[in-house]
Amino acid sequence: MSYRPSVIVYTIVLRAYGQVGKIKLTEQTFLEMLEAGCEPDEVACGTMLCTYARWGRHKAMQSFYSAVQERGITLSTAVYNFMLSSLQKKSLHEKVIDLWRQMVDKGVAPDRFTYTVVIHSLVKGGLCEEAFKAFDEMKKLEFVPEEATYSLLISSHTKDGKWQDALNLYEDMRSRGIVPSNYTCASLLTLYYKNEDYSQALSLFTEMERNKIAVDEVIYGLLIRIYGKLGLYEDAQKTFEEIDQLGLLSDEKTYLAMAQVHLNSGNAKRALDIIEMMKSRDIWFSRFAYIVSLQCYVMSENLDAAEVTFQALAKTGLPDSGSCNDMLRLYIKLNLTGRAKKFIVQLREDQVAFDEELYRTVVRIYCKEGMLEDIGQLTKEMVTNDSYKDNKFIQTFFKAICGEPLRHQKVKGNVASNQLDSTALGYLLRLYLECKDFNNLEEILKLLLETAGSMSVLTQLISNFLKEGDLSNVKALNDQVVRLGCSVDDATIASIIGIYGKEQKLKQAQDVFTAVADSPTCGKLIYNSMIDAYIKCGKPEAAYSLYKEAFKKGHDLGAIAISKVVYSLTTSGKHQEAKEMIHLSFQDNLELDTVAYNTFIKAMLEAGKLNFATSIYEHMLSKGVSPSIQTYNTLISVYGRGRKLDKAVEMFNLAHSSGMTLDEKAYMNLICYYGKA
């Protein structure tokens with residue numbers, strides 16, 4: 001026949017075989033074409049490359065592409081797109097980027113599809129700057145980017161913390177009339193959430209509803225977190241229930257987001273309900289799920305469950321410092337110091353990485369237990385981390401324990417008070433108190449008193465000692481403070497005196513009071529506390545004497561103090577002194593309450609001064625102070641004992657007509673005096 005082989009015919013056959021995946025026949029046909037003397041052109045070569053790309057034969061595709069390059073054949077944009085797309089589908093982003101660069105070097109003009117594929121691979125390959133450069137080129141060539149491209153770049157900016165760049169991209173996309181996908185909205189909601197711009201987040205959610213953009217579980221999860229941050233806990237719960245009803249609830253992240261919202265609201269029970277729901281539905285527990293579960297058990301003070309959860313967390317790898325800190329805080333809260341110390345030993349053996357918060361908690365325990373050597377060893381390890389070289393708390397411990405005495409460092413100019421952390425100095429005070437190292441205690445105290453907030457630190461430390469009932473350390477620390485010519489605040493001094501009074505240690509209470517009595521700052525709180533101490537120790541006359549002293553100095557100790565002193569004097573049989581005090585309060589027109597008047601009336605009843613008791617009642621009415629049922633009960637006794645039965649009945653009826661609920665005592669009093677009459 002007169003037929004002459006043609007590249008065009010062979011190319012048609014190559015395409016036909018390639019479309020149905022007959023790779024072997026395609027290759028045989030191409031070899032036949034070469035044997036027939038037909039020189040393959042860019043179309044034939046492109047057809048072969050598209051066939052390999054279509055069916056994922058990337059190794060053969062790249063070998064053939066190298067051969068094509070050697071022949072100097074320039075391929076079309078469509079062929080490059082085919083190859084780029086095929087490589088990207090298999091997540092071979094490095095090969096996509098390499099092929100793209102070769103395409104640019106060959107001068108082949110990319111189209112919209114090329115840019116879409118390449119930008120995706122550049123982002124996935126971590127070459128974000130190059131991706132944005134390609135994006136700008138794309139727009140300059142007037143190619144309109146797809147929504148997916150915008151979404152990817154917005155997500156990239158969000159992850160990098162470039163909030164404004166992400167928002168600018170979104171505005172650019174909206175200006176082109178492109179409706180955002182739920183993926184784009186999820187990125188923006190994440191941005192608003194991290195940037196605490198909750199009003200914009202809720203506005204975007206409204207826009208999504210208006211544009212009928214499908215809301216998936218990820219977006220609902222973000223909405224739950226946003227409601228939580230705004231304190232809208234019930235709205236968060238309703239959203240969670242809505243997801244469940246829609247059948248969208250499947251991701252552990254959504255469950256954990258709801259659990260964390262409940263934790264932030266302080267509701268450990270509801271948080272645990274979410275964790276139990278996860279377990280009942282066989283939701284897989286990640287490491288993060290164990291961390292959140294542990295937080296729930298710590299908040300609810302369920303020690304056994306917390307320890308089991310921590311062990312499960314440890315099986316996933318070394319526990320994080322936050323979870324370790326949670327466990328230690330639970331041990332401290334439950335006053336399980338022994339367990340806390342064993343736990344720390346285990347952390348040290350496992351070489352858990354300490355952050356500042358965990359270090360603070362451990363040091364707090366070490367200081368309370370007087371474990372000086374352990375603090376020194378841990379601190380030396382912490383300062384080897386460059387990230388803590390400017391940390392005042394850690395550096396204060398390092399300078400105090402691992403270097404020469406701080407007073408020497410200060411003289412040399414190596415350390416100044418403003419370089420020291422007041423909280424750390426407070427911990428050191430406790431350490432040296434426990435170690436009975438009073439020389440270092442005094443030096444640390446001097447440095448602390450030079451720092452801002454020193455009084456609040458001292459107050460907190462003494463308060464802790466008082467809660468623990470550790471009066472020896474309270475005395476030792478307060479003595480040092482007084483020796484240095486200083487004083488803690490009135491409330492703390494009053495608390496110290498109050499504890500001594502409760503413990504019947506009057507001498508110690510007097511010593512504390514005497515140390516501050518002449519101070520112009522010694523006020524109502526301290527006097528009242530010392531009066532209480534005298535009363536608790538059975539010294540009512542001393543309490544009365546101190547009350548008069550305070551009164552002369554211009555202190556109004558209030559109705560409660562007056563009531564206590566009068567009651568104390570009365571129960572001790574000091575009726576004349578009680579009467580004097582009542583007269584004194586009337587003469588000076590002191591403001592008294594119902595309880596004070598009741599105390600006065602009862603005191604004079606017990607003293608047998610019935611007329612004075614009734615005059616107290618009249619004085620009470622003249623001052624506009626309302627009587628209580630106790631007032632009327634006492635007056636029934638006053639009039640009954642004075643054989644004024646008609647007045648006693650009058651008091652009974654007055655109480656009844658005032659709308660008060662008469663108690664058994666009122667009836668019994670009146671029955672008793674009717675009987676006596």
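Scanning both residues, Leu167 and Leu188, for their nearest heavy atoms gives CD2-CD2, 4.1 Å. The heavy-atom pair separating Met278 from Ala289 by the smallest distance is CE-CB, 4.4 Å. For Thr116 against Glu146, the heavy-atom pair with the smallest separation is CG2-OE1, 3.7 Å. For Pro180 against Met173, the heavy-atom pair with the smallest separation is CB-CE, 3.5 Å. Closest non-hydrogen pair, Met103 versus Ala109, comes out as CE-O, 4.0 Å. For the residue pair Gln88 and Ser121, the shortest heavy atom distance occurs at NE2-OG, 3.1 Å.
Annotation: the span from Phe397 atom CZ to Asn391 atom CG amounts to 11.5 Å, rounded to 0.5 Å.
Between Phe310 and the options Phe343, Tyr290, Tyr297, a ring pair (Phe, Tyr, Trp, His ring centres under 6.0 Å) holds for only Phe343. The only member of Val117, Val96, Leu99 that meets side chain to side chain contact (heavy atoms under 4.5 Å, CB included) when paired with Met83 is Leu99.
The backbone N or O of Ala186 lies less than 3.5 Å from a partner atom in the side chain of Thr190, making a donor-acceptor pair. Between the side chain of Asp320 and the backbone N or O of Ser323, at least one donor-acceptor pair lies under 3.5 Å. With hydrogens and angles ignored, the 3.5 Å screen pairs a side-chain donor or acceptor of Thr379 with a backbone N or O of Ile375.
The shortest side-chain heavy-atom distance between Phe132 and Leu122 does not fall under the 4.5 Å cut-off. Between Pro145 and Tyr115, the closest side-chain pair of non-hydrogen atoms is not below 4.5 Å. Between Leu191 and Ile154, the closest side-chain pair of non-hydrogen atoms is not below 4.5 Å. In this structure, Asp216 and Leu248 have side chains that are not in contact, with every pair of non-hydrogen atoms separated by 4.5 Å or more. The side-chain heavy atoms of Leu358 and Leu328, taken from C-beta on, include a pair separated by under 4.5 Å. Taking the side chain as every heavy atom from C-beta outward, Glu147 and Tyr183 never approach each other to under 4.5 Å. Put simply, the side chain of Phe240 reaches to within 4.5 Å of the side chain of Met277, judged on heavy atoms. The closest side-chain heavy-atom distance from Lys253 to Glu217 is not below 4.5 Å.
The pair Arg101-Asp105 fails the salt-bridge criterion, with no side-chain N (NZ, NE, NH1 or NH2) lying under 4.0 Å from an Asp/Glu carboxylate O. Between Lys269 and Asp273 there is a salt bridge, since at least one side-chain N of the basic residue sits less than 4.0 Å from a carboxylate O of the acidic one. The existence of a salt bridge linking Glu171 and Arg174 is excluded, since no basic side-chain nitrogen approaches an acidic carboxylate oxygen closer than 4.0 Å.
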Task: Lys238 and Glu234: CA distance, side-chain angles, deciding distance, salt bridge (Lys or Arg N to Asp or Glu O under 4.0 Å) verdict - done: CA-CA 6 Å; Lys238 285 176 185 175; Glu234 289 307 316; over 6 Å; no
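Ring planes of Phe393 and Tyr359: perpendicular class, angle over 60° (limits at 30 and 60°).
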